[in-house]
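To keep things clear, I will list the structure first and then write my remarks on it.
The chains referred to below are lettered A, B, ... by the order of the sequence lines, with proteins before strands, and numbering in each begins at 1.
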Protein chains: 2
Amino acid sequence: MTRARGRAGPMRPFERSLPMQLMRAREIVMARFRPHLHAHGLTDQQWRIVRALNEVAELDMMELGARCCIHPASLSRILPRLEDEGLLRRRTSREDQRRVIVSLAPRGRQLFADVAPESEAIYAAITREIGTERLEAVYAVLDDVIRTLSGTSPQREAGKITGVPKNFAAKRAMPSAKRGR
Amino acid sequence: MTRARGRAGPMRPFERSLPMQLMRAREIVMARFRPHLHAHGLTDQQWRIVRALNEVAELDMMELGARCCIHPASLSRILPRLEDEGLLRRRTSREDQRRVIVSLAPRGRQLFADVAPESEAIYAAITREIGTERLEAVYAVLDDVIRTLSGTSPQREAGKITGVPKNFAAKRAMPSAKRGR
DNA sequence: CGCAGATGATTAACATGTTAATGGTCTGCC
DNA sequence: GGCAGACCATTAACATGTTAATCATCTGCG
């Protein structure tokens with residue numbers, strides 16, 4: 001490598017990129033779960049949805065998207081498929097006809113019951129490797145980052161999940177200069 | 001919420017999922033950069049590639065993929081476009097005709113020069129908000145996770161990047177039970 | 001030398017991420 | 001009551017993630 005390490009360069013080296021490190025960490029962790037999920041025909045996202053729904057009776061799409069970090073547009077494609085497979089049910093809210101309420105169907109509960117144990121086992125293995133204390137440190141640090149960067153102003157009103165779907169603030173990237181495509 | 005907090009439930013609540021927290025953190029951080037990148041017509045990935053290439057004279061695809069955390073298959077689609085736009089050049093390695101060597105074209109260097117300053121400014125703002133010390137703690141913790149979970153055996157030989165592309169270990173998810181699609 | 005197996009890039013096929021546009025529904029306000 | 005603007009879900013269009021298959025090249029070994 002042609003570049004020294006310290007705080008010298010005009011731009012910190014690529015390796016010291018926070019998004020990159022977060023991505024690497026996530027990929028390495030997910031690598032432990034993916035084979036298991038795929039063995040059950042589930043993508044990461046589908047499992048997040050099943051898992052989120054399993055914790056409650058039902059959820060509207062906005063909440064589901066917020067909890068799973070899945071964009072509404074993506075949900076609109078994923079949910080119909082899962083419904084066709086009999087894993088979940090969708091209905092329109094009576095009070096607000098715009099909203100779609102989603103709930104896990106028996107078959108979805110069963111799938112969760114089938115997948116969860118091994119999933120927990122994998123998580124337990126990861127906990128063993130990293131160590132409970134250090135893992136707690138990881139959560140603390142991540143919560144910290146999330147809390148600090150969530151909206152310049154304090155958000156987090158009652159019940160609101162902080163994670164925020166994809167880019168609820170990034171929006172409006174400007175039609176902009178497309179480098180002449 | 002119908003579930004208590006402690007270590008009680010049959011499965012830890014969704015919020016305490018390491019991959020989820022890593023994803024949330026990453027999304028929140030990226031949200032700060034995306035508008036800027038999009039204003040220059042760049043996707044996250046394209047910027048990672050430009051940035052990685054700017055640090056060196058040239059790289060073969062494998063290395064580039066490893067450093068940017070982009071799957072070779074994705075690179076095969078992204079690179080031709082960037083080449084068409086005159087941002088980079090590709091050539092076949094003389095020593096090994098299988099390998100493709102990529103390097104930044106003048107126009108790519110210029111793009112980097114245009115984008116980097118504001119990008120660094122955004123990073124500086126994030127550093128201010130989180131605080132230098134806490135940010136160092138974040139890196140330390142993430143490096144720790146990455147190192148610990150990188151292959152059960154210690155990797156990280158000379159020069160090797162640890163991050164590992166997408167799933168270099170997750171592979172072979174079994175053709176498997178597709179839930180009868 | 002020559003071949004079998006390993007390796008690197010590409011491509012295809014499908015799933016999701018991302019943005020913008022569309023259409024139905026609701027809400028506040030006149 | 002009725003309308004304008006906000007809100008939610010869906011869809012389209014494009015970019016990327018992900019896996020498997022394919023093709024070319026290379027390497028080790030007989």
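Taken over five-pair windows at either terminus, the axes of the helix from C:dC1-D:dG30 to C:dC30-D:dG1 are inclined to one another by 10° (rounded to 10 degrees).
Side-chain proximity of A:A73 to the nucleotides D:dT16, D:dT11, C:dA15 is greatest for D:dT11. Which of D:dT16, C:dC26, C:dT10 sits closest to the side chain of B:R81 comes down to D:dT16. Closest approach to the B:I70 side chain among C:dT25, D:dG17, D:dC26 is made by D:dG17 (side chain taken as heavy atoms from C-beta onward). The side chain of A:D96 approaches C:dT25 more closely than any other nucleotide in the set D:dT10, C:dT16, C:dT25. Considering only side-chain atoms of A:R90, the nucleotide from D:dT10, C:dT16, D:dA9 that sits closest is D:dT10. Distance from the side chain of A:S74 is smallest for C:dT18 among the nucleotides C:dT18, D:dG17, D:dT25. Listed candidates were C:dG17, C:dT10, D:dT16. Nearest to the side chain of B:V100 is C:dT10. With distances taken from any side-chain atom of A:R99 to the nucleotides D:dA15, D:dA9, D:dA20, the minimum falls on D:dA9.
Residues B:L59 and B:I101 form no side-chain contact, since every pair of their non-hydrogen atoms from C-beta on lies 4.5 Å or further apart.
The residue B:L75 sits apart from the nucleic acid: no heavy atom pair falls under 4.0 Å.
Every residue meeting the side chain to side chain contact (heavy atoms under 4.5 Å, CB included) condition with A:R89, not counting sequence neighbours, appears here in chain and number order: A:S103, A:A105, A:P106.
Proximity of B:R98 to the phosphate of D:dT22: no side-chain N or O atom is located under 4.0 Å from OP1 or OP2. For A:Q97, no side-chain nitrogen or oxygen approaches OP1 or OP2 of D:dA9 to under 4.0 Å. Regarding contacts with the backbone of C:dT10, a side-chain N or O of B:S76 is found under 4.0 angstrom from either OP1 or OP2.
Residue side chain B:R77 reaches the base of D:dG17 through a donor-acceptor N/O pair under 3.5 Å, judged by distance alone.
Along DNA chain D, the nucleotide closest to A:M61 and the one closest to B:Q45 are compared, and the more 5′ of them pairs with A:M61.
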